[in-house]
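Each chain gets a letter, A, B and so on, in the order its sequence line appears, and its residues count up from 1. Just so we're clear, the structure is a prediction, and the values are computed from it rather than from any experiment.
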Amino acid sequence: MIVGNGTEKLDLVALRRDFPALDQEVAGKPLVYLDNAATAQTPRQVIDAMERFYREDCANVHRGVHELSQRATEAYEAARCQVQEFIGASEVGEIIYTRGATDSLNLVAHSLGELKVDSGDEVVISAMEHHSNIVPWQLMCERRGAKLRVIPINDSGELLLDEFDRMLNDRTRIISVAHVSNALGTINPVREIIARAHELDIPVVLDGAQAIPHMHVNVQDLNCDFYVFSGHKMFGPTGIGILYGKRTFLEQMPPYQSGGDMIESVTFEKTTFNDLPYKFEAGTPNIAAAIGLGAAVEYLSKVGMDCIESYERELLDYATKAIGSIDDVKLIGVAREKAGVISFVIEGIHPHDIGTILDREGVAVRGGHHCAQPVMDYFKVSATTRASFAFYNTRQEVDELVFAIGKVKELFSD
Amino acid sequence: MDLRELYQELIVDHSKQPRNFGPMPESNYHADGFNPLCGDKIRLYLKIEDNVITETGFEGSGCAISTASASIMTEMLKGQTITQAEALFERFHSMVTGSMGPDGGVDDFGKLAVFSGIKEYPARVKCATLAWHTLRNALLERDETAKTE
Ligand SMILES: Cc1ncc(COP(=O)(O)O)c(C=O)c1O
């Protein structure tokens with residue numbers, strides 16, 4: 001691996017060697033992995049950290065005086081500190097381990113909803129949300145008799161901020177939007193959203209699942225009230241994610257799940273809850289995955305998020321031009337500010353056929369609605385093909401994709 | 001496996017120009033099929049007289065495999081008895097899932113043989129069978145109505 005400070009270029013050859021899964025053939029061709037928005041590949045540093053836990057330190061956390069339990073607890077808590085530093089949170093108590101972005105969103109929707117939302121109140125999301133940032137709010141609104149309102153988008157795949165402004169009123173209790181859209185790649189103007197929301201004292205939840213692998217995120221600088229993401233989309237393991245929340249909210253919010261670890265004392269009459277962050281972490285966590293996430297964050301810090309961001313911007317520009325100029329290809333989502341994702345349709349050819357044919361060319365992409373059916377409905381398509389990038393992807397891989405799309409068109413030509 | 005074996009010309013042709021496509025007001029049975037994973041949708045229409053399928057039609061949207069499968073199926077079904085149609089379903093199903101016995105060659109399977117390559121693509125088997133499962137539901141519905149009559 002190569003260390004960068006934001007100015008030098010990434011050494012892709014060296015970086016790619018860190019990712020064992022990238023070095024393989026599919027259908028007799030070198031793998032071109034372009035499904036990073038679904039799950040990114042894992043560097044050996046992360047794999048090693050998790051393996052070390054299972055080989056040497058495997059024990060429960062916070063529960064034993066013995067050596068292994070102490071080592072496990074130390075590694076587990078060290079990872080939390082690494083995450084805190086990585087996203088610029090003011091204190092480690094604001095970093096809650098979850099199973100992933102979905103779990104984090106369920107936690108906030110449930111618990112913040114209980115704190116803030118009553119009958120007749122309103123919650124605002126956007127038309128480009130992943131289902132995991134729609135359904136938990138929808139269910140919570142149903143339970144509490146509240147109304148879910150949706151910020152509309154335009155044909156480029158950008159939020160209509162004027163509509164958003166008009167939507168806010170004295171019943172708006174929570175706003176939850178994607179930092180970056182997984183279906184369109186749009187980077188949303190979250191600073192403006194947060195500024196306007198805070199004028200009315202409305203807390204803002206950001207779904208950062210697709211932002212955090214591509215850009216430098218500082219939660220204090222953004223001034224968001226909550227920020228959620230998943231480990232497996234940022235080169236860490238599956239089964240782990242983070243909910244960042246400002247202490248002022250987390251302290252007032254009721255617990256979500258309950259059980260061991262999240263309590264201070266229990267009698268049959270009364271339970272007092274543990275301090276942050278443990279109040280929201282019931283039961284034995286995914287210890288190895290938390291340690292793996294710590295390693296992923298360390299890895300990303302060494303590569304340098306600024307380097308990653310500028311490299312990926314060039315790569316995305318290159319890919320947008322290359323794919324966008326193929327005949328009959330229509331890009332879905334052409335926002336001015338984008339990261340990581342190119343969604344497209346080809347006239348007369350279904351994304352699942354495209355996916356199968358690309359796969360036989362060694363190119364892994366995703367075809368489908370990307371858990372964002374309202375986005376598909378807006379663009380009047382049933383599905384798109386999505387190529388999603390990580391910092392280890394190369395221009396040559398983009399060329400392979402373009403070549404493979406040519407194969408698709410050839411097979412379907414008359 | 002060569003992609004051409006999966007996307008044979010017949011499949012591409014039927015996917016681009018599906019036969020028996022469109023609503024069919026004169027049908028007396030229909031059923032809907034949906035694959036939530038990929039969003040493929042089909043509505044299948046049958047006209048059944050004296051246990052014989054006399055007319056067929058379908059509507060919907062889907063990938064080339066599912067569209068071609070529906071198109072070719074509706075062609076094959078015309079003139080078949082219910083029992084023959086059920087036997088076709090069984091045979092098609094075992095062909096695409098790869099569970100066909102050694103004597104289950106596809107030589108006499110007519111156009112349906114073009115789908116024999118699907119078994120190499122487990123993720124796509126559901127595309128090929130969507131229309132056929134919908135057929136079975138339409139026939140079951142007929143059984144149900146027959147029973148209550
Ligand atoms: C924008 C966005 N939010 C949330 C999620 C849910 O993440 P997970 O499935 O890891 O919980 C995803 C995953 O695709 C996503 O892209």
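- With a 4.5 Å cut-off on non-hydrogen atoms, Ser15(B) touches chain A through its side chain but not through its backbone.
- Heavy-atom pairs under 4.5 Å with chain A were tallied for Ser61(B), Gly62(B), Ser66(B); the largest tally goes to Gly62(B).
- A cation-pi arrangement is not found for Arg386(A) relative to Phe344(A), the charged atom failing to lie both closer than 6.0 Å to the ring centre and inside a 45° cone about the ring normal.
- Applying the side-chain hydrogen bond (donor to acceptor under 3.5 Å, both in side chains) test between Thr54(B) and each of Glu49(B), Glu26(B), Lys47(B), Lys78(B) identifies Glu49(B) as the sole match.
- Contact of Asp40(B) with chain A is made through the side chain alone, with heavy-atom distances under 4.5 Å.
- Between Tyr392(A) and Phe235(A), the ring planes lie perpendicular to each other; the angle is over 60°, past the 30° to 60° tilted range.
- Heavy-atom distances place no part of Lys41(B) under 4.5 Å from chain A, backbone and side chain included.
- Taking the six-membered ring where the residue is Trp, Phe89(B) and His133(B) present perpendicular rings, their angle passing 60° and hence far from 30°.
- The shortest heavy-atom contact between Ile48(B) and Tyr29(B) is CD1-CD1, 3.8 Å.
- Both the backbone and the side chain of His352(A) come within contact range of chain B, with heavy atoms under 4.5 Å apart.
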